[in-house]
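Any value given below was found using the heavy atoms of this structure, including those in side chains, with hydrogens, waters and symmetry copies removed. Counting convention: from 1, in listed order, for ligands and their atoms alike. None of these values were measured; they are calculated from a predicted model.
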Amino acid sequence: MSNSHVTRVLFVCLGNICRSPLAEGVFRELIREEAVDHRYQVDSAGTGAWHVGEPADRRSRAVAEKHGIALEGRARQVSDEDFRDFDVIIAMDRENQGNLERIRNGGSARLHLLREFDPEAEDDAEVPDPYYGGPGGFDEVYDIVHRSCVELLEALEADRR
Ligand code: 4NP
């Protein structure tokens, strides 16, 4: 892969209001800190349509803010076009991954589970859905997402070399 190539990364969960906006925000912060943001295009989406157009859940925004990250996107639903428009699609859990495989209609995006990159996770580990839980669930999701995104960025940078 040439060094001028932009790597397009899409994070996907169910609603696109809790987990994937947080993953998008954390990844954006990491590429900015590492001064490689010009090499990446980053977005997030949900497999479901219930929350399309909404900002991120206030609990996700609160945990992101604690870490100096502003979540500014609006929810959108993933589409089969995303498999052509992105190089890498990162699902938060196996249900998201299964739904993505079902809607896929060609495209060359590579599909992964985020926790494949979590140095502390067992095989097939998932980012738990925090929507119906308390705020502590969002801190846990932040920690999982942060340590996984650090390794994801390392893997994507290694792919570029
Ligand atoms: P997310 O969380 O997939 O991390 O955005 C959820 C948001 C909304 C719903 C479920 C999970 N919901 O059922 O509306």
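Taking the six-membered ring where tryptophan is involved, the planes of His67 and Tyr142 are essentially parallel, since the angle between them stays under 30° and well short of 60°.
Listed for the Asp87 side chain is a donor-acceptor partner under 3.5 Å among the backbone atoms of Arg8.
Residues Met92 and Ile90 meet the side-chain proximity criterion, which asks for heavy atoms closer than 4.5 Å. Between Val12 and Ser44 there is no side-chain heavy-atom pair separated by less than 4.5 Å.
Remark: Asp43 does not engage Arg28 in a salt bridge, criterion side-chain N to carboxylate O under 4.0 Å.
In the model, Ser108 has no side-chain atom that pairs as donor or acceptor with a side-chain atom of Arg84 under 3.5 Å.
Protein residues having at least one heavy atom under 4.0 Å from any atom of ligand 1 are Cys13, Leu14, Gly15, Asn16, Ile17, Cys18, Arg19, His51, Asp129, Tyr131, Tyr132, listed by chain and number.
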